[in-house]
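Chain naming here is simple, since letters A, B, ... match the order of the sequence lines and numbering starts at 1 in each. Everything numeric here is computed off the predicted structure, so don't read it as measured data.
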Amino acid sequence: MVAITLPDQSVRQFDKPVSVAEVAASIGAGLAKAALGGKVDGKLVDTSFVIERDAALAIVTDKDADGLDMIRHSTAHLLAYAVKELFPDAQVTIGPVIENGFYYDFSYKRPFTPDDLAAIEKKMGELAKRDIPVSRKVLPRDEAVAYFKGLGEDYKAEIIASIPANEDVSLYSEGDFTDLCRGPHVPSTGKLKVFKLMKVAGAYWRGDSKNEMLQRIYGTAWAKKEEQEAYLHMLEEAEKRDHRKIGKQLDLFHMQDEAPGMVFWHPKGWAIWQQVEQYMRTVYQDNGYQEIRCPQILARSLWEKSGHWENYKDNMFTTESEKHDFAIKPMNCPGHIQVFNSDLRSYRDLPLRYGEFGSCHRNEASGALHGIMRVRGFVQDDGHIFCTEEQITDECVAFNQLALKVYDDFGFKDIAIKIALRPEKRIGSDDTWDRAENALRDALKASNVEWTELPGEGAFYGPKIEYHMKDSIGRSWQCGTMQVDFSMPGRLGAEYVDDHSARQTPVMLHRAIVGSLERFIGILIENHAGSLPAWLAPVQVVAMNVTEHQAEYVNQVVAGLKAAGFRVQADLRNEKISYKIREHSLQKVPFQLVLGDKEMQAGTVTARIRDGKGGGENLPAMSLDAFISHLKAEIAAKR
RNA sequence: GCUCUUGUAGCUCAGUGGUAGAGCACUCCCUUGGUAAGGGAGAGGCCACGCGUUCAAUCCGCGUCAAGAGCACCA
């Protein structure tokens with residue numbers, strides 16, 4: 001007798017071992033048809049899996065996250081099947097599930113073209129329609145190696161050969177195609193209905209840049225057509241919001257060949273920058289940080305002490321003067337330690353918090369550069385806190401609160417917090433790491449927030465908290481970080497005098513909230529699709545005349561708004577009012593003042609608001625003072 | 001850095017082995033028009049850079065630089 005416990009805790013008795021498919025069929029024909037796999041005592045299996053003894057079973061369908069993963073994984077195999085049909089001499093390698101889809105890497109004598117992709121996708125559709133059964137069999141490892149070697153699939157053979165010799169491996173077959181795979185897979189290709197191949201690109205065999213470059217085909221797959229359409233729509237939306245495109249359209253910045261990875265900020269882009277920087281400056285001022293400024297270029301001897309010359313040289317721009325080597329700073333922390341060291345510090349001075357909008361340069365690999373999101377020259381809201389080990393938790397609690405407030409002010413409400421824990425390669429004793437990691441956990445616990453932990457992802461000198469913000473189309477960006485560092489203060493000779501007159505080395509906390517301002521502004525642009533809220537908008541108000549009679553009145557209004565501290569422009573051009581409105585609408589100006597004879601005679605302004613519903617919406621005509629109050633309220637609310 | 005793709009007017013893009021075209025933007029003229037493009041004329045390019053092949057190269061080949069996608073990288 002086999003007793004199967006279903007998720008609703010009901011128990012079904014079977015008089016002999018029973019497959020997942022049979023259990024599904026015993027529940028209902030609909031479920032039998034929908035079943036993609038099963039979860040037996042928490043382990044995902046195929047529908048053909050035979051349950052030999054009492055177990056808990058959940059039937060997996062496309063309504064479960066596990067089911068969707070199975071669909072994606074099986075679609076990756078379908079892709080490989082189609083490629084082998086069309087290009088028999090291509091070799092298969094691996095094909096995992098990734099976020100929103102899957103990929104499969106092939107070794108082939110030439111790159112696949114877009115035409116190839118279309119042909120492969122068509123073939124996949126045909127193979128899916130034929131509803132070919134997918135079957136699983138198990139072979140001893142050595143037999144499997146021989147099998148794939150015999151097929152000329154050297155990469156597969158290599159993968160299997162790295163599995164321990166005494167283990168069996170599972171093979172999945174559909175039609176003439178057999179692939180090594182841990183599984184599980186959907187029972188037949190007909191379950192795969194919604195998929196699309198996205199792009200092809202190179203990728204290294206086993207992810208190592210020393211290895212051969214393979215052809216990677218990316219695809220997306222979903223349970224329902226509408227889900228795929230929503231996903232494709234999101235991608236389109238992301239493309240429309242591309243900060244590089246909007247940066248050009250709104251005349252915010254440009255980049256050119258002579259300065260790869262570095263930004264030329266135009267007046268409007270720099271206006272945004274100034275808003276962000278000035279805002280972050282008040283954050284420093286209001287939270288116990290002292291702003292400082294350190295040199296851009298420091299001598300090699302300092303970088304040798306800090307360890308950068310040895311470990312980070314490839315990423316630093318170096319220069320030389322009168323036979324001495326220098327490096328342009330890639331980060332601000334060594335400079336901040338110099339300021340700390342410039343005086344004899346007491347434990348009473350701690351925690352000592354320094355902040356800097358320091359310009360840093362890193363020689364990033366050319367292929368890593370991306371618009372203003374990944375650059376070689378950048379500025380961070382970089383701060384360092386010198387404190388004692390006992391103070392770490394309190395400082396992290398305060399920082400956590402501050403970071404969340406800043407994200408909220410910028411309109412990011414959905415923040416995921418993670419702690420990156422000790423990596424394999426690290427310095428410091430396990431005891432120190434225990435204390436540091438627990439200090440971060442305690443801080444987040446005390447802050448009453450939830451977090452996830454990332455084992456092995458910490459920096460070599462200490463663990464860190466990471467802040468990931470979700471943007472308006474659901475993408476996640478890591479910006480803020482709080483890192484505990486037990487190493488650099490000692491290396492660079494930072495000390496303070498404790499309450500027994502003994503010299504101690506402080507702990508240093510590296511922290512940033514927005515991170516690189518370049519990148520953060522890129523994120524802001526994409527998050528708002530260029531329509532920045534009034535407090536950040538480079539031009540907050542444009543005042544325009546309907547005919548030239550009101551030119552003088554426009555100038556008066558503009559002068560009044562300027563005096564009130566707003567970023568405002570006049571548009572007195574000899575163009576129709578609808579033409580001007582269109583232009584400033586495309587420029588995403590939040591408020592457009594249309595000033596004609598009506599307004600001039602009444603001494604009022606009519607404001608057309610950007611964020612109104614439909615094509616365009618006006619505020620009621622009001623006095624200039626009333627409009628100034630309205631604008632001030634908008635800006636104060638950071639809407 | 002690696003693989004593939006790309007580089008033509010300020011912008012978005014056509015195009016050809018015989019030194020180039022459109023729309024928008026720009027300048028001038030007409031127009032003074034009330035909520036997303038009024039009309040006309042004009043100016044504007046060493047076709048990324050260098051070296052080859054050719055009678056002739058923006059186009060073909062090689063190299064360099066830069067950009068894009070992905071990979072690797074992000075201490």
Side-chain angles (χ1 to χ4, degrees), chain A residues 98 103 105 108 110-114 198-218 239 242 244-245 248-251 254-261 306-316 330-331 333 362-371 373-376 378 423 425-427 457-462 464 478 481 483 485 487-488 510 515-516 519 544-551 572-587 592-600 606-610 612 614-618:
Chain A
I98 53 174
Y103 66 78
D105 286 347
Y108 194 51
R110 62 166 178 84
F112 292 117
T113 65
M198 304 299 286
K199 56 193 163 202
V200 58
Y204 301 111
W205 167 235
R206 302 203 142 178
D208 188 330
S209 54
K210 290 196 249 341
N211 287 344
E212 186 203 340
M213 178 82 60
L214 304 173
Q215 301 296 320
R216 175 171 297 177
I217 296 178
Y218 284 90
E239 204 174 319
D242 190 313
R244 293 165 298 189
K245 203 167 141 190
K248 228 176 241 174
Q249 284 164 352
L250 303 190
D251 193 19
H254 86 271
M255 306 181 83
Q256 65 186 49
D257 289 6
E258 287 84 350
S306 71
H308 286 86
W309 198 269
E310 195 187 351
N311 297 311
Y312 204 63
K313 190 165 188 304
D314 288 349
N315 283 300
M316 292 200 289
M331 48 195 85
C333 30
R362 295 182 189 175
N363 192 8
E364 302 280 0
S366 56
L369 302 178
H370 179 83
M373 299 283 207
R374 185 90 183 263
V375 287
R376 289 189 175 145
F378 59 93
K425 253 184 80 181
R426 60 179 182 265
I427 56 174
E457 302 259 317
F460 73 91
Y461 51 77
K464 59 185 174 187
Q478 195 214 312
T481 174
Q483 306 183 13
D485 182 355
S487 155
M488 205 183 299
H510 305 245
S516 148
R519 180 161 174 271
M544 49 210 166
N545 53 346
V546 176
T547 70
E548 71 186 26
H549 303 126
Q550 306 93 27
L572 302 175
R573 288 175 306 169
N574 174 15
E575 297 289 353
K576 287 199 165 165
I577 193 68
S578 53
Y579 180 90
K580 296 188 195 179
I581 286 173
R582 175 181 152 81
E583 244 182 35
H584 300 301
S585 300
L586 291 173
Q587 287 294 307
Q592 300 185 48
L593 299 183
V594 178
L595 304 178
D597 285 335
K598 245 189 312 184
E599 287 78 10
M600 188 167 69
T606 303
R608 181 188 163 104
I609 56 177
R610 177 189 67 194
E617 193 186 335
N618 284 344

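Taking atom CE of residue A:Met255 and atom P of nucleotide B:A67, one finds them 7 Å apart after rounding to whole Å. Distance A:His584 NE2 to B:A37 C1': 13 Å, rounded to the nearest Å. When rounded to the nearest whole Å, the span between CG of A:Asp208 and C1' of B:G1 equals 13 Å. For the pair A:Arg582 CZ and B:G33 C1', the computed distance is 18 Å after rounding to whole Å. Whole-Å rounding puts the A:Gln249 CD to B:C13 C1' distance at 15 Å. As a whole-Å value, the separation of A:Lys199 NZ from B:U3 P is 20 Å. Here the P atom of nucleotide B:C26 and the CD atom of A:Glu575 are 8 Å apart, to the nearest Å. Spacing between atom CG of A:Leu593 and atom P of B:U35 amounts to 16 Å, rounded to whole angstrom units.
The nucleotide whose nearest atom lies closest to any side-chain atom of A:Ser366 is, among B:G1, B:U32, B:A37, B:G1. Counting only heavy atoms from C-beta on, A:Met331 has its side chain closest to B:A75 among B:A75, B:A69, B:U31. Closest to the A:Lys248 side chain, of the nucleotides B:C11, B:U32, B:A67, is B:C11. Out of B:A36, B:C65, B:A75, the shortest distance to the side chain of A:Asp257 is found at B:C65. Closest approach to the A:Tyr218 side chain among B:C71, B:U35, B:C74 is made by B:C71 (side chain taken as heavy atoms from C-beta onward). Considering only the side chain of A:Val546, B:G33 comes nearest among B:C71, B:U32, B:G33. Closest to the side chain of A:Tyr579, from the set B:A25, B:G34, B:C73, is B:A25. Across B:C26, B:C2, B:G34, the shortest atom-to-atom separation from the side chain of A:Arg573 is found for B:C26. Of the candidates B:A72, B:G34, B:A36, the closest approach to any side-chain atom of A:Asp597 belongs to B:G34. Of the listed nucleotides (B:U32, B:A75, B:U3), B:A75 has the atom at the smallest distance from the side chain of A:Tyr312.
Contact annotation: side chain of A:Asp314 to base of B:G1, donor-acceptor pair absent below 3.5 Å. Side-chain atoms of A:Arg206 and base atoms of B:C71 include no donor and acceptor less than 3.5 Å apart. In terms of polar N and O atoms assigned as donor or acceptor, the side chain of A:Glu599 comes within less than 3.5 Å of the base of B:G34 in a complementary pairing. At a cut-off of 3.5 angstrom, counting only N and O atoms as typed in the model, there is no donor on one side facing an acceptor on the other between the side-chain of A:Arg216 and the base of B:A69.
The side chain of A:Thr547 contributes no N or O atom lying less than 4.0 Å from OP1 or OP2 of B:G33. Under 4.0 angstrom from either OP1 or OP2 of B:A69 there lies at least one side-chain N or O belonging to A:His370. OP1 or OP2 of B:G68 lies within a sub-4.0 Å distance of a side-chain N or O belonging to A:Arg244. For A:Tyr103, no side-chain nitrogen or oxygen approaches OP1 or OP2 of B:G70 to under 4.0 Å.
Residue-level contact check: A:Tyr204 touches the bases, meaning some heavy atom is under 4.0 Å from a base atom. Residue-level contact check: A:Gly307 touches neither bases nor backbone, having no heavy atom under 4.0 Å from any strand. Residue A:Ser585 is classed as a base contact, given a heavy-atom separation below 4.0 Å to a base. Within 4.0 Å (heavy atoms only), A:Ile581 reaches at least one base atom of the nucleic acid. Within the 4.0 angstrom heavy-atom criterion, no nucleotide atom of any strand lies near A:Ala459. Across all strands, A:Gly515 comes closer than 4.0 Å to no nucleic acid atom at all (heavy-atom distances).
Nucleotides of RNA chain B nearest to A:Asn311 and A:Leu214 differ in position, and the one nearer the 5' end is that of A:Leu214. Remark on RNA chain B: of its neighbouring residues A:Met213 and A:Ala203, the 5'-side contact belongs to A:Met213, judged by nearest-heavy-atom nucleotide.
A distance-only check finds a donor-acceptor pair linking the side chain of A:Arg362 to the backbone of A:Pro330 [under 3.5 Å]. Counting only distance, with no hydrogens or angles, the side chain of A:Arg376 and the backbone of A:Asn363 share no donor-acceptor pair below 3.5 Å. For the pair A:Asn211 (side chain) and A:Trp205 (backbone), a donor-acceptor distance under 3.5 Å is present. Remark: side-chain polar atoms of A:Glu583 are not paired, donor with acceptor, to backbone N or O of A:Lys580 under 3.5 angstrom. Proximity of a side-chain donor or acceptor of A:Gln587 to a complementary backbone N or O of A:Gln249 within less than 3.5 Å is detected. Formation of a donor-acceptor pair under 3.5 Å by the A:Gln550 side chain with backbone atoms of A:Thr547 is found in this model.
Both distances falling under 3.5 Å, in either a Watson-Crick or a G-U wobble arrangement, occur for no nucleotide opposite B:U16. With both pairing distances under 3.5 Å, B:A69 is matched to B:U3 as a Watson-Crick or G-U wobble pair. B:C59 is unpaired under the Watson-Crick or G-U wobble criterion, no partner having all donor-acceptor distances under 3.5 Å. Figure legend. B:C28 is base-paired to B:G40; pairs are counted as Watson-Crick or G-U wobble with both atom distances under 3.5 Å. In a base pair of the Watson-Crick type (N1 to N3 plus N6-O4 or O6-N4) or a G-U wobble (N1-O2 and O6-N3), with each distance short of 3.5 Å, B:C47 is matched with no nucleotide.
Taking atom P on both nucleotides, B:G15 is separated from B:G7 by 11 Å, rounded to a whole Å. Between B:C59 and B:U6, the two C1' atoms lie 15 Å apart (nearest whole Å). Here, B:A57 and B:G18 have their C1' atoms 10 Å apart, quoted to the whole Å. Taking the C1' atoms as reference points, B:G42 lies 15 Å from B:A9, given to the whole Å. For B:G70 and B:U35, the C1' atoms lie 46 Å apart once the distance is rounded to whole Å. When the C1' atom is compared between B:A67 and B:A48, the two are found 11 Å apart, to the nearest whole Å. Rounded to whole Å, the separation between the P atoms of B:G21 and B:C47 comes to 14 Å. Across the P atoms, B:U53 and B:C62 are found 15 Å apart, a figure rounded to whole Å.
Note on A:Asp242 versus A:Arg244: salt bridge recorded, some NZ/NE/NH1/NH2 to OD/OE distance being below 4.0 Å.
Within a 6.0 Å sphere centred on CD of A:Gln256, heavy atoms belonging to other residues, nucleotides or ligands number more than 12.
Ring geometry, A:His308 versus A:Tyr312: the interplanar angle exceeds 60°, so the pair is classed perpendicular (tilted spans 30 to 60°).
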Next on the checklist: Walk me through whether A:Val546 and A:Asp597 qualify under side chain to side chain contact (heavy atoms under 4.5 Å, CB included).
Outcome noted: CA-CA 8 Å; A:Val546 176; A:Asp597 285 335; over 6 Å; no

